[in-house]
Amino acid sequence: MTTTKSYINKVMYDRKSVRKYEANFKIPQSELEELLVEATTAPSSSNLQPWRFLVIQDEAVKKDLRLIANNQEQVETASAIIAVLGDTEMYNNAEEVYTKNFELGYMDEATKNMMIENSLKLYPNLPKEILKNIATFDAGLISMQIMLLAKDMGYDTVTMGGFNKEAFAERFELTDNLVPIVLIAIGKAAASAYGSSRLALNDIAKFI
């Protein structure tokens, strides 16, 4: 069987983690907004969409953030930093999400009511650590979509988990339900990214 490489396959291979950016290049906010809207097609637990974003474009704020993010150069030189946050009270979205699904004809009213009821029974009673794990997993799904969509738009990215999350939460006055997960630098590459190898399939997968 011959496999034809698709366009998404090309984007996947073209995407690299870029750490050198043209500091004077600025992405229009309208494009960043479009990017995030498109990225929200990502799946999430019970479709509760726990992701939240803080998009940092201000130069002075990026300087502050660089200190919180282990002095990583790209925090300051990228066009913007998209901080991906997880909302551990995502269940508060249940009524809005499922009512809209009903209004759009995606489910009947009985299913809508059942999903709202089940979500409000389950999620608020889960331990905070489990809710954090759910939000973190879902944030990972949307973060990958952000990076692929950014590449499709002609921009480069790198995701960063190495930053002081407590200091970040304090600096940006996050409420207790918002958990900082990753920072995504986005902009125009000033230098090529390093190539990177991958483990062999036989080392990571078993077919049974």
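Values reported hereafter were calculated over all heavy atoms of this structure, with side chains retained and with hydrogens, waters and symmetry mates removed. Position 1 is the first residue of the sequence, and the numbers go up from there.
From Ile186, atom CD1 reaches atom CD of Gln74 across 13.5 Å, with rounding to the nearest 0.5 Å. Atom CE of residue Met153 and atom CG of residue Leu35 lie 5.5 Å apart, to the nearest 0.5 angstrom. To the nearest 0.5 Å, the span separating CG on Asn92 from CG on Asn177 amounts to 8.0 Å. Within the model, atoms CG of Asp152 and CD of Glu38 stand 9.5 Å from one another, a figure rounded to the nearest 0.5 Å. Atom CG of Asn125 sits about 11.5 Å away from atom CD1 of Ile130, to the nearest 0.5 Å. With rounding to the nearest 0.5 angstrom, the CD1 atom of Ile134 is 11.0 Å from the CD atom of Glu129.
Around the CD atom of Glu96, the shell of radius 6.0 Å holds no more than 12 heavy atoms that belong to other residues, nucleotides or ligands. In this structure, Lys188 places its NZ atom where only 12 or fewer heavy-atom neighbours from other residues, nucleotides or ligands lie under 6.0 Å away. Within a 6.0 Å sphere centred on CZ of Phe25, heavy atoms belonging to other residues, nucleotides or ligands number more than 12.
One finds a salt bridge joining Asp156 and Lys151 here, because a Lys/Arg side-chain nitrogen approaches an Asp/Glu carboxylate oxygen to under 4.0 Å. Ion pairing between Lys20 and Glu73 holds under the 4.0 Å rule for side-chain N and carboxylate O. One finds a salt bridge joining Glu76 and Lys63 here, because a Lys/Arg side-chain nitrogen approaches an Asp/Glu carboxylate oxygen to under 4.0 Å.
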In residues 49-61, what donor-acceptor pairs under 3.5 Å come from side-chain atoms, sequence neighbours left out?
residue, atom, partner, partner atom, Å
Gln49, NE2, Asn47, O, 3.1
Gln49, NE2, Asn47, OD1, 3.2
Arg52, NH1, Gln49, O, 2.9
Arg52, NH2, Asp87, OD2, 3.3
Asp58, OD1, Ala60, N, 3.0
Asp58, OD1, Val61, N, 3.0
Glu59, OE2, Lys26, NZ, 2.5
Glu59, OE2, Lys62, NZ, 3.3

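Between Asp64 and Arg171, some side-chain heavy-atom pair lies under the 4.5 Å cut-off. The shortest side-chain heavy-atom distance between Leu131 and Met90 falls under the 4.5 Å cut-off.
At a threshold of 4.5 Å between side-chain heavy atoms, the hydrophobic network of Ile, Leu, Val, Met, Phe, Trp and Tyr places Leu126 and Ile116 in one connected group. Criterion: ILVMFWY side-chain heavy atoms under 4.5 Å apart, direct or through other members. Under it, Ile27 and Met147 are part of a common hydrophobic cluster. Ile82 and Leu85 sit in two unconnected hydrophobic clusters of ILVMFWY residues. Membership requires side-chain heavy atoms under 4.5 Å apart, directly or through other members. Under a hydrophobic-cluster definition in which Ile, Leu, Val, Met, Phe, Trp and Tyr are linked whenever side-chain heavy atoms come within less than 4.5 Å, directly or via other members, Leu36 and Val84 are assigned to the same cluster. Two different hydrophobic clusters hold Val18 and Ile184 under the rule that ILVMFWY side chains link at heavy-atom gaps under 4.5 Å.
Taking the six-membered ring for Trp and the full ring otherwise, Phe172 and Phe168 have centroids separated by under 6.0 Å.
Judged as a side chain to side chain donor-acceptor pair (under 3.5 Å), and not counting sequence neighbours, the contacts of Glu31 are Tyr155. With sequence neighbours excluded, the residues that form a side chain to side chain donor-acceptor pair (under 3.5 Å) with Asp108 are Thr111.
The hydrophobic side chain of Ile208 is isolated, with no ILVMFWY side chain under 4.5 Å apart from it. Hydrophobic side-chain contacts under 4.5 Å tie Leu104 into a cluster, directly or through other members, with Tyr106. Taking Ile, Leu, Val, Met, Phe, Trp and Tyr as hydrophobic and joining them when side-chain heavy atoms fall under 4.5 Å apart, one finds Leu199 in a cluster with Leu201, Ile204, Phe207.
Under the 3.5 Å distance criterion, the side-chain polar atoms of Gln72 are matched with a main-chain donor or acceptor of Gly162.
Leu120 and Ala94 get closest at one heavy-atom pair: CD2-CB, 4.4 Å. Contact detail for Ser45 and Tyr123: the closest heavy-atom pair is OG-OH, 2.7 Å.
Residues Arg19 and Ser17 bring no donor and acceptor atom of their side chains to less than 3.5 Å of each other.
For the pair Lys100 and Tyr98, the cation-pi criterion (under 6.0 Å, within 45° of the ring axis) is not fulfilled.
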